[in-house]
Structure formats: structure tokens, C-alpha cells
Amino acid sequence: MNTGQRIIQLRSQRNWTQKELAKRVNMNVSVMNRIESGERPIKGDELTAIADTLKVTADYLLGRAEEAPSSAADQENGLIQHIQKISPDAEAMLRDMAVLTSEEIKDVYDYMLFKKSRRKD
């Protein structure tokens, strides 16, 4: 399996489109397309950004390490899929959060903790 195929596989596991991954790594979607198809070699900074976003090592993407992504990444993916099932608008909310500052994201998280603390389970 080549680098592009690994990227496609990991992206698909997260139910991300090529456009979504390109946006997350701040890359033009046509460049992402050419990397995934093998038409264009991946540059070092692109490799790092994609590996970080997909929560794998650069060595894994390059095929130097056959070890599958970490169990933490698998758990995160499972949690994301669960959230998507119970809230169809979850992806839209996450996309909207991408434009927030770190302070604003902290405020959102604090509000979530507040709501959780008030819940009677």
C-alpha cells in the first residue's frame, strides 16, 4: 500500500471527504487529490500535517512502519462516529468550531462541562 492509499484508508475510516481532509491540513483539494492518486510526491510539511491530523506517524504513511494507527486514534474515531450517530449536525458544529479562537473553544468546552454537571442521570 502506498502513501496515497494509506491516506485514503485513514480518511475513509473517519468518514471524511478529500475536501474535508484538505481543509483540515490547509491544503488545496486538487493537491490532496494528486497526492492520494500518487501523481504528486508528498512534501515534508504536508506529510507532517496529514500525519498529525490523521493521528498516525509519518513513517506509517510512508510505509516504513506497518503498525496500524494507535488504539487512541481508533477510540477517538469510535467516539466521533458515536457523536455523528446521535447528532447529525455534529460535523457542521465541528466545522463551525474550526473558525473559533482557542479561547472561544475553551468557552464552548466550559459550557459543555456546565451542562453535563446539571444533568440528572
Side-chain angles (χ1 to χ4, degrees):
M1 183 180 313
N2 67 33
T3 300
Q5 291 168 329
R6 286 177 189 259
I7 293 170
I8 292 167
Q9 180 184 47
L10 293 165
R11 176 176 58 74
S12 297
Q13 287 172 357
R14 286 160 179 77
N15 295 317
W16 293 348
T17 64
Q18 196 175 68
K19 184 177 181 177
E20 287 173 307
L21 178 58
K23 182 177 179 180
R24 288 172 189 259
V25 298
N26 197 27
M27 179 185 292
N28 185 296
V29 70
S30 66
V31 172
M32 180 64 71
N33 179 276
R34 292 193 331 261
I35 289 171
E36 286 187 357
S37 68
E39 295 174 26
R40 178 189 180 280
I42 191 167
K43 296 177 181 175
D45 59 331
E46 297 165 342
L47 178 66
T48 301
I50 293 170
D52 288 349
T53 301
L54 295 173
K55 306 223 183 296
V56 295
T57 65
D59 280 342
Y60 178 77
L61 288 181
L62 293 172
R64 295 184 201 164
E66 288 301 319
E67 187 176 312
S70 72
S71 60
D74 292 340
Q75 288 174 353
E76 181 180 302
N77 187 39
L79 178 60
I80 290 169
Q81 288 178 351
H82 173 72
I83 291 169
Q84 288 172 331
K85 283 180 189 174
I86 62 172
S87 177
D89 297 329
E91 278 189 53
M93 288 186 290
L94 290 173
R95 276 194 298 273
D96 290 343
M97 284 183 65
V99 300
L100 299 178
T101 67
S102 59
E103 185 175 318
E104 291 168 331
I105 290 172
K106 184 183 179 320
D107 290 343
V108 170
Y109 182 66
D110 288 345
Y111 180 72
M112 288 171 45
L113 292 176
F114 168 75
K115 291 296 283 185
K116 183 180 173 185
S117 73
R118 305 243 0 226
R119 193 173 65 202
K120 293 176 173 75
D121 286 349

Flag, side chain of Arg14 to backbone of Leu10, donor-acceptor distance under 3.5 Å: yes

Looking only at atom types and distance, does a side-chain atom of Arg40 sit under 3.5 Å from a main-chain N or O of Val31, one as donor and one as acceptor? no

Closest contact, heavy atoms only, Ala51 versus Ala58: CB-N, 3.8 Å

Just how far is it from atom CG of Asp110 to atom CD of Glu103, taken to the nearest 0.5 Å? 10.5 Å

Asn26 atom CG, over 12 foreign heavy atoms within 6.0 Å: no

Quick one: do Ser30 and Asn28 satisfy side-chain hydrogen bond (donor to acceptor under 3.5 Å, both in side chains)? Show the steps, please. CA-CA 5 Å; Ser30 66; Asn28 185 296; 2.6 Å; yes

Flag the pair Arg11 and Glu36 as a salt bridge only when some basic side-chain nitrogen lies within less than 4.0 angstrom of an acidic carboxylate oxygen. yes

Roughly how far apart are Ile50 CD1 and Leu21 CG, rounded to 0.5 Å? 6.0 Å

Scanning both residues in full, the closest heavy-atom pair of Ala22 with Val29 reads CB-CA, 3.8 Å

Are Ile35 and Leu62 joined in one hydrophobic group, where the rule is that I, L, V, M, F, W and Y side chains link up if heavy atoms are under 4.5 Å apart? yes

Report the distance from atom CE of Met32 to atom NZ of Lys19, rounding to the nearest 0.5 Å. 13.5 Å

When rounded to the nearest 0.5 Å, the distance separating CG of Leu100 from NZ of Lys106 is 14.0 Å

side-chain contact (heavy atoms from CB on, under 4.5 Å) evaluation trace for Val56 with Arg6: CA-CA 10 Å; Val56 295; Arg6 286 177 189 259; over 6 Å; no

Closest heavy-atom contact between Met93 and Ser87? CE-OG, 3.6 Å

Report the distance from atom CD1 of Ile7 to atom CG of Leu47, rounding to the nearest 0.5 Å. 7.5 Å

Under a 4.5 Å side-chain heavy-atom rule over Ile, Leu, Val, Met, Phe, Trp and Tyr, are Ile105 and Met112 clustered together? yes

To the nearest 0.5 Å, how far apart are CD in Gln9 and CG in Leu54? 10.5 Å

Using every non-hydrogen atom in the two residues, find where Val25 and Ala49 come nearest and quote the distance to one decimal. CG1-O, 3.5 Å

